There are 2 protein chains.
Amino acid sequence: MTIRVSEAEKSVMDVLWQESPLSSLEVVEKLQSQEWSEKTVKTFLNRLVKKGVVSFEKDGRRYLYSPAIEREEFLADESEGFLDKVFKGNMKELLATFVENKQLSQNELDYLKGLLDDNKSDRESSDVK
Amino acid sequence: MTIRVSEAEKSVMDVLWQESPLSSLEVVEKLQSQEWSEKTVKTFLNRLVKKGVVSFEKDGRRYLYSPAIEREEFLADESEGFLDKVFKGNMKELLATFVENKQLSQNELDYLKGLLDDNKSDRESSDVK
DNA sequence: TTAAATTGATTACAGGTGTAATCTTTAACT
DNA sequence: AGTTAAAGATTACACCTGTAATCAATTTAA
């Protein structure tokens, strides 16, 4: 069962994944572009702690927050959910949609090809066992 | 500004994209696996009509519903949003996450390679202009 | 023609989310 | 030691969503 983190809360997680631990005010600062009041950001931090995806340590009167889950794990979960919910698990269609609509740069194309080659050799070596 | 369609509503859209027009009861039938009451499904249809993403024509006492937006367009929108919100627009990371976590089948790998080749030749021929 | 059944419309309601304001506690300054 | 200011905790509130039940209109059956 996947952890539920809302859109706005995700922005907070992104900040903490970039750097942690941070005080609430430091998080607010890093989210300036969102134009959220300090109160709003603190609400999000609170909810994230309650959801168990952010932890904190006390530092005098304030808390220093850190992510309690790994970004990679979270992204994998979200991606899985997206694939299932939007594309009904049809990976080929998902990939086609991204590749066709986003006009990947040559750089991105090369990168992806590299990924595919790595993936294939992984499979070969493990399948052979 | 993107159209907001909830998870449950998306299931209804999927049914209508597969076949339309359909009466509400036909939609209910096709959603049996979801175990939603007929009332619930009708609520979703109503909301979708209000959101302007489903249209209907009268057929005697009942309505026949159809999608008012194209599936491909919708998927592209959702994918764009997912890329931005979850991966902050980082396409390479998104692709890496899918490729690495999903253990693509050989079939899917070949398909993706084909997509990449097509994409590259598109780019070359148009770039040369 | 009246009653029953069906269909869509309206209303309901709890939990999540965006967006804060207010309350409470306690560290810190005087 | 007492007062204050800042940090977190609690409360607020409207809108969305999942999940229906009830209302109203109308078709159909008796």
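Source: prediction; values computed, not measured. The figures here come from the full heavy-atom set of this structure, side chains too, leaving out hydrogens, waters and symmetry mates. Here is the naming used below: chain letters follow the sequence lines, and residue numbers restart at 1 for every chain.
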> What is the nucleic acid contact for K50(B), judged by heavy atoms within less than 4.0 Å: base, sugar-phosphate only, or nothing?
Replying inline: nothing
> For residues 9-29 of chain B, which residue pairs qualify under ring pair (Phe, Tyr, Trp, His ring centres under 6.0 Å), counting only residues two or more places apart or in two chains?
Replying inline: W17(B)-F74(B)
>> Distance check needed: dT19(D) C1' versus E35(B) CD, whole Å only.
In response: 13 Å
> Would you call K113(B) and D110(B) a salt bridge, taking side-chain N to carboxylate O under 4.0 Å as the test?
Replying inline: no
> Hey, does K58(B) reach any base, or is it just sugar-phosphate, or nothing, if we go heavy atoms under 4.0 Å?
Replying inline: nothing
> Between atom CG in D59(A) and atom C1' in dG8(D), what is the gap in whole Å?
Replying inline: 14 Å
>> A side-chain contact here means heavy atoms from C-beta on lying under 4.5 Å apart; do K58(A) and L64(A) qualify?
In response: no
> Atom CG of L31(A) and atom C1' of dG18(C): how far apart are they, to the nearest Å?
Replying inline: 14 Å
> Is there a donor on the side chain of S37(B) or the base of dA20(D) sitting less than 3.5 Å from an acceptor on the other?
Replying inline: no
Give every pair of a protein N or O atom and an N or O atom of nucleotides 5-9 of chain C that lie under 3.5 Å apart, one pair per line with the distance.
from   : atom 1 : to     : atom 2 : distance (Å)
dG8(C) : OP1    : Y63(B) : N      : 2.9
dG8(C) : OP2    : S24(B) : OG     : 2.9
dG8(C) : O3'    : Y63(B) : OH     : 3.3
dA9(C) : OP1    : Y63(B) : OH     : 3.3
dA9(C) : OP2    : N46(B) : OD1    : 3.4
dA9(C) : OP2    : N46(B) : ND2    : 3.2

>> If the condition is side-chain contact (heavy atoms from CB on, under 4.5 Å), which residues does E26(B) pass it with, not counting sequence neighbours?
In response: L22(B), S23(B)
> Within the structure shown, what part of the strands sits under 4.0 Å from R47(B) by heavy-atom distance: base, sugar-phosphate, or nothing?
Replying inline: base
> Do the ring planes of F82(A) and F98(A) sit parallel (below 30°), tilted (30 to 60°) or perpendicular (above 60°)?
Replying inline: tilted
> T40(B) side chain N/O closer than 4.0 Å to the phosphate oxygens (OP1, OP2) of dA20(D)?
Replying inline: yes
>> I'd like to know if R71(A) and E93(B) make a salt bridge, using a cut-off of under 4.0 Å between side-chain N and carboxylate O.
In response: yes
> Within this structure, what is the CZ-to-P distance between R4(A) and dG18(D), rounded to whole angstrom?
Replying inline: 11 Å
> At under 4.0 Å, does any side-chain N or O of W36(B) touch on OP1 or OP2 of dA20(D)?
Replying inline: no
>> Is it the case that over 12 heavy atoms from other parts of the model lie below 6.0 angstrom from the CD atom of E57(A)?
In response: yes
All N/O donor-acceptor pairs, side-chain side in residues 39-52 of chain A, below 3.5 Å, sequence neighbours left out:
from   : atom 1 : to     : atom 2 : distance (Å)
K42(A) : NZ     : E38(A) : OE2    : 2.8
T43(A) : OG1    : K39(A) : O      : 3.0
K51(A) : NZ     : R4(A)  : O      : 3.1
K51(A) : NZ     : E9(A)  : OE1    : 2.8
K51(A) : NZ     : E9(A)  : OE2    : 3.3

>> Rounded to whole Å, please give me the gap between CG in L45(B) and P in dT17(D).
In response: 15 Å
>> Under the rule for side chain to side chain donor-acceptor pair (under 3.5 Å), what residues qualify as partners of S20(B), not counting sequence neighbours?
In response: none
>> Quick check on contacts: within residues 5-19 of chain A, what sits under 4.0 Å from DNA chain C by heavy-atom distance?
In response: S6(A), E7(A), A8(A)
